S.K.: 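Before anything else, here's the structure in question.
A note on names: the letters A, B, ... follow the listed sequences, proteins ahead of strands, and every chain is numbered from 1. For clarity, every value in this text was computed on a predicted model and none was experimentally measured.
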Protein chains: 2
Amino acid sequence: MASEQATMLRINLDHSSPVPLYYQMAKAIEKDIETGALAPGERLENEIALAGRLRVSRPTARRALQELVDLGMLVRKRGVGTQVAPARVHRRVELTSLFDDLAGSGRKPATTVLEYSVGPCAPEVSDTLEIPQGEEVVTVKRLRYADGEPLALMVNHLALEIAPTREELTDLGLYAALRAHGIEIHMAQQQIGARLATAAEARILDEKPKAALLTMERKAFDVDGRAIEHGVHIYRASRYNFSTTLFAQ
Amino acid sequence: MASEQATMLRINLDHSSPVPLYYQMAKAIEKDIETGALAPGERLENEIALAGRLRVSRPTARRALQELVDLGMLVRKRGVGTQVAPARVHRRVELTSLFDDLAGSGRKPATTVLEYSVGPCAPEVSDTLEIPQGEEVVTVKRLRYADGEPLALMVNHLALEIAPTREELTDLGLYAALRAHGIEIHMAQQQIGARLATAAEARILDEKPKAALLTMERKAFDVDGRAIEHGVHIYRASRYNFSTTLFAQ
DNA sequence: CAGTGGTCTAGACCACTTA
DNA sequence: AAGTGGTCTAGACCACTGA
């Protein structure tokens with residue numbers, strides 16, 4: 001039985017481009033899903049027809065489709081076919097920074113750098129960053145605002161040779177500033193907890209003493225496993241929470 | 001130049017097994033990494049030699065290696081080779097349940113089911129579970145202990161036809177009980193926040209009133225995007241925090 | 001039974017890294 | 001220049017689904 005409802009994708013591939021064909025295909029389909037040209041539940045052509053029409057081999061077409069399955073945008077079943085996944089499953093968002101989060105949700109982030117100092121490495125930080133104790137590291141203490149209100153107090157430690165300048169940290173988030181230095185964060189270990197605000201913390205965050213705070217401690221690493229950053233953050237629980245989308249292995 | 005330090009993996013593949021060759025290979029290498037037979041930083045054979053030695057095609061060997069790269073256990077660089085990733089990058093652990101977490105860290109979990117009722121669906125739950133308002137859903141309220149101390153108060157809503165029994169929930173975590181019914185959670189959306197304990201919450205959790213609580217609201221879906229579960233949990237911040245490992249896209 | 005995706009092969013050529 | 005992984009092809013056979 002010929003496929004009754006399969007959508008014919010309009011995709012132009014540039015076979016002479018240095019951009020891999022599977023990548024061009026995946027991006028094109030991804031765009032169609034994001035714009036709604038392909039609706040959730042809609043059926044795609046089978047991979048052999050798709051490959052033939054786009055003049056690529058079947059493994060290449062498969063690879064493109066598999067990329068989108070891994071992203072949760074497509075669902076494939078043997079004997080059935082390929083469908084666009086329900087909208088809510090699309091796109092895992094992970095490892096974004098607070099700055100990006102705020103900017104992305106339309107709130108206006110701003111940062112005050114309260115402290116920017118170079119000093120000997122404390123034992124705890126030494127462990128994380130794998131820098132010998134006593135060697136110099138940069139300590140940064142920042143107050144983050146959203147729409148003019150204080151939101152979070154963040155203390156970070158970085159190795160001297162990779163630390164962004166004070167000015168960069170005022171204009172960008174930490175991760176964006178690191179990226180400008182060619183440093184990509186690949187993995188982070190986080191612990192999220194809660195506690196009551198001290199008097200000093202309450203004052204600086206415009207909360208009452210003993211208000212609820214969200215706490216986050218993070219260690220971040222690059223793709224080679226080098227430790228890049230150690231951070232201890234506190235957030236006003238009245239104004240912020242962590243939203244995450246998790247996927248089963 | 002012949003490879004100087006590449007480790008020769010001892011892998012036996014069963015070419016007549018229904019288990020895919022790439023999967024057998026990936027599992028074998030994964031096991032060697034986990035047991036320490038392959039140490040972090042160690043170099044593997046190049047993929048062509050590996051494929052030849054194991055009598056599989058190069059794409060099959062590549063696929064096995066790629067699986068482990070996706071898991072963060074191997075790092076590959078063009079022109080350089082394949083190495084075992086630093087230990088801390090191995091294995092993303094996601095979407096585990098509190099019960100599994102506790103059992104895994106050697107603490108003894110226990111559960112009391114405080115309430116198990118069937119009743120009409122509240123508007124908020126109706127939205128999440130995509131069950132018409134007023135239709136019946138199961139509401140479960142559980143108190144979780146670790147090592148004899150109360151740790152968390154959890155309220156969950158599930159569709160009638162998939163809800164585990166009261167007895168199952170006493171012996172297992174919610175996700176394990178669902179799994180026993182053939183239901184696999186594939187994705188969950190979570191929000192983690194903090195607030196102060198009410199008098200009633202403090203009493204039941206053995207905390208002082210206005211102690212800090214961690215809050216978590218979760219919606220869980222299966223692989224087809226069907227809503228499975230809606231939960232609102234509170235944790236004693238003095239006894240628990242969320243540990244997560246995040247990976248950049 | 002026809003149609004689908006899942007696995008596998010045996011090559012080819014290219015791009016990047018290191019010395 | 002040698003060695004590595006990255007991409008791509010053109011087939012083959014199998015396993016599962018649904019009518």
S.K.: Rounded to the nearest angstrom, tell me the gap between atom CG in A:L65 and atom P in C:dG5.
M.R.: 8 Å
S.K.: Using the ring-ring contact (aromatic ring centres under 6.0 Å, His included) criterion, which residues pair with A:Y116? Sequence neighbours excluded.
M.R.: none
S.K.: How does protein reach along nucleotides 8-14 of chain C, written 5' to 3' as B (base within reach of a heavy atom under 4.0 Å), S (only sugar-phosphate), or - (no contact)?
M.R.: SBB-B--
S.K.: What residues form a salt bridge (charged side-chain N to carboxylate O under 4.0 Å, His left out) with A:K77, not counting sequence neighbours?
M.R.: B:D224
S.K.: For D:dG5, does OP1 or OP2 lie under 4.0 Å from any side-chain N or O of B:T82?
M.R.: yes
S.K.: Measure the distance from CD on B:E45 to P on D:dG5 and round it to the nearest whole Å.
M.R.: 10 Å
S.K.: Could you state the interatomic distance from CD1 (B:I11) to CG (B:D32), rounded to the nearest 0.5 Å?
M.R.: 6.5 Å
S.K.: Quick one: A:R43 CZ to D:dG18 C1', roughly how many Å, whole number?
M.R.: 11 Å
S.K.: Given C:dT4, is OP1 or OP2 found less than 4.0 Å from the side-chain N or O atoms of A:N46?
M.R.: yes
S.K.: Applying side chain to side chain donor-acceptor pair (under 3.5 Å), can you list everything that pairs with A:Q191, at least two apart in sequence or on another chain?
M.R.: B:S243
S.K.: Can you tell me which residue pairs pass the salt bridge (Lys or Arg N to Asp or Glu O under 4.0 Å) test with a partner in residues 161-170 of chain B, sequence neighbours excluded?
M.R.: none
S.K.: Which residues pass the side-chain contact (heavy atoms from CB on, under 4.5 Å) test with A:E67, not counting sequence neighbours?
M.R.: A:Y22, A:A26, A:R63
